[in-house]
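Chain naming here is simple, since letters A, B, ... match the order of the sequence lines and numbering starts at 1 in each.
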Protein chains: 2
Amino acid sequence: MISSARPLRADAARNRELLLAAAEEEFAARGIDASIADIADRAGVAKATVFSHFASKEELIAAIVGNHFAELTVVARRLLTSADPEAALSDFLTEAAHGIKQQDLTFLRADDDSRVTELRNDLHEAVSALVDRARAAGVVRAEITGTDVFLLICAPVHIAGCHPDADPDLWRRYQAIIFDGLRPTRAELLPQPPPSWP
Amino acid sequence: MISSARPLRADAARNRELLLAAAEEEFAARGIDASIADIADRAGVAKATVFSHFASKEELIAAIVGNHFAELTVVARRLLTSADPEAALSDFLTEAAHGIKQQDLTFLRADDDSRVTELRNDLHEAVSALVDRARAAGVVRAEITGTDVFLLICAPVHIAGCHPDADPDLWRRYQAIIFDGLRPTRAELLPQPPPSWP
DNA sequence: GGGCAACTTGATCAACCGGTCAACTTCGTC
DNA sequence: GACGAAGTTGACCGGTTGATCAAGTTGCCC
């Protein structure tokens, strides 16, 4: 693997960026099972070059996921300075729903002290701040926490992965929240006759 | 592949059921990448027996997904006869969220005239009826259709699969609905001072 | 219980995967 | 422009996968 202590040579730095971009596209197109060979092909380098930049496939994924987390953290922190707490949270959810990828899953529960975990914690902190502000403004329910939203973003991805150790009760809670979104707004409610109407 | 014209021999019928059960468990435990060899082991038969019952891995998955669709259709139709339209829809969503698996995805958009597609259309029809009843009772918004709910059930799974041809606007609509579920209920709303409060 | 079709099986195949390595090429420096 | 370090490469490895097939076994009907 190329040492990270010394700055990369010009061609190596270029190839690294090409590889990250190619891997991003390939993972987006074919999911986490995209092969290293295909990624190398797309980047226009040999397969062995991939392993000279990243020790393993997992490490390549970690680099990409780390970038996702970092980008979302930037978005969350920027939205924290906006005027409208409700729009800020809504905008972030929209952004995050598009930004979270399948491979990000792998590192959501990781608790080693890797760089990815650090970036994930940064993101979690920024999201919590967004939610705290929205809660203080009364635009989300009192019991909603930053962790809730952080997990809610990823819940769809979690369910899809058929994660065996996912807490069913937790998902039921999110299920109920989503169902709440289906209820009619107050303005749409027609006056209903009481059950004992003759 | 074993002919479907003639009834199966007793041992073959037993093995087919064992295989379907084993495949269900294996896919649930390891996702869609579970190997045919593991499935055969779990069922207690040789790997070649799997291919004597199902022409390919895809066909085995199709058989399982077909069963899922059929089971959910039964649930939806049963709930259609219950007294409470709101509880019926809610119960179905809960049931469906647990019933839909990763591998079901593959066949949601399939439009060939296979047996799976037929079963999927049956399910879609039953869900639409459930939603129509709920809408008529005023417990879901007027603009929610059966197709909406049918897709909403699968949306989490869809997003996770990073389906490249998913309509972003469609997902944004569902995103907005889910976000609605986060809004405070009327009872929780504290009286807010108007913006021009001195 | 004999005979035959239906079914099962272990051996085997080609394709593909992540990963390694020694030989080669290229960049940066003096 | 030459030299050494840094980076790249194609060939290759062990392992796994979905799928095949001839040979053997089993259930079923007369």
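Nearest heavy atoms, A:A126 versus A:L80: O-CD1, 4.3 Å.
Taking every side-chain heavy atom of A:F51 into account, C:dG18 is the closest of C:dC7, C:dT9, C:dG18. Picking from C:dG18, C:dA6, D:dT9 the nucleotide with the shortest atom distance to the side chain of B:R9 gives C:dA6. When the nucleotides C:dT26, C:dC21, C:dT9 are ranked by their closest atom to the side chain of A:D11, C:dT26 comes out on top. The side chain of A:A12 sits closest to D:dT8 out of D:dT8, D:dC28, C:dG18. When each of C:dC27, C:dC7, D:dT8 is scored by its nearest atom to the side-chain atoms of A:T49, the top-ranked nucleotide is D:dT8. For A:K47, whose side chain is taken as the heavy atoms from C-beta onward, the closest listed nucleotide among C:dG19, D:dG7, C:dG28 is C:dG19. Distances were taken from every side-chain heavy atom of B:H53 (C-beta onward) to each of C:dT8, C:dC27, D:dG10; the shortest belongs to C:dT8.
When each of B:A46 and A:S56 is assigned the nucleotide of DNA chain C with its nearest heavy atom, B:A46 is the one assigned upstream, toward the 5' end.
Among the protein residues, A:A13 comes within range of no part of the nucleic acid, since none of its heavy atoms lies under 4.0 Å from any strand. Using a 4.0 Å heavy-atom criterion, one finds that B:A40 contacts no nucleic acid atom at all. Nucleic acid contact class of B:A10 (heavy atoms, under 4.0 Å, all strands): sugar-phosphate only.
A:E58 places its CD atom 9 Å from the P atom of C:dG19, with the value rounded to the nearest Å. In this structure, CZ of B:F54 is placed 18 Å from C1' of D:dT20, rounded to the nearest angstrom. In this entry the distance linking CZ of B:R16 with C1' of C:dT8 reads 16 Å, nearest Å. Taking atom CD1 on B:I39 and atom C1' on C:dT8, their separation rounds to 18 Å, with Å as the unit. Rounded to whole Å, atom P of D:dT16 lies 13 Å from atom CG of B:D41. The nearest whole Å value for the distance from the NZ atom in B:K57 to the P atom in D:dT20 is 15 Å. When rounded to the nearest whole Å, the span between CD1 of B:I61 and C1' of D:dT17 equals 13 Å. A straight line from CG of A:D33 to C1' of D:dT16 spans 13 Å, rounded to a whole angstrom.
One finds the CZ atom of A:F69 at 8.5 Å from the CG atom of A:L119 (value rounded to the nearest 0.5 Å).
Between C:dC7 and B:S52, no contact under 4.0 Å exists linking OP1 or OP2 to a side-chain N or O. Using a 4.0 Å cut-off, some side-chain N or O of A:N15 falls inside it from OP1 or OP2 of D:dT8.
Using modelled atom types and a 3.5 Å distance limit, the side chains of A:T49 and A:S52 yield no donor-acceptor pair.
Placement of B:V45 and B:L20 within a single hydrophobic cluster is found when ILVMFWY residues are connected by side-chain heavy-atom separations under 4.5 Å, directly or transitively. Linking Ile, Leu, Val, Met, Phe, Trp and Tyr residues whenever their side-chain heavy atoms come within less than 4.5 Å leaves A:L18 and A:I61 in two separate clusters.
Ion pair B:D11/B:R14 not flagged as a salt bridge, since none of the NZ, NE, NH1 or NH2 atoms sits closer than 4.0 Å to an Asp/Glu carboxylate oxygen.
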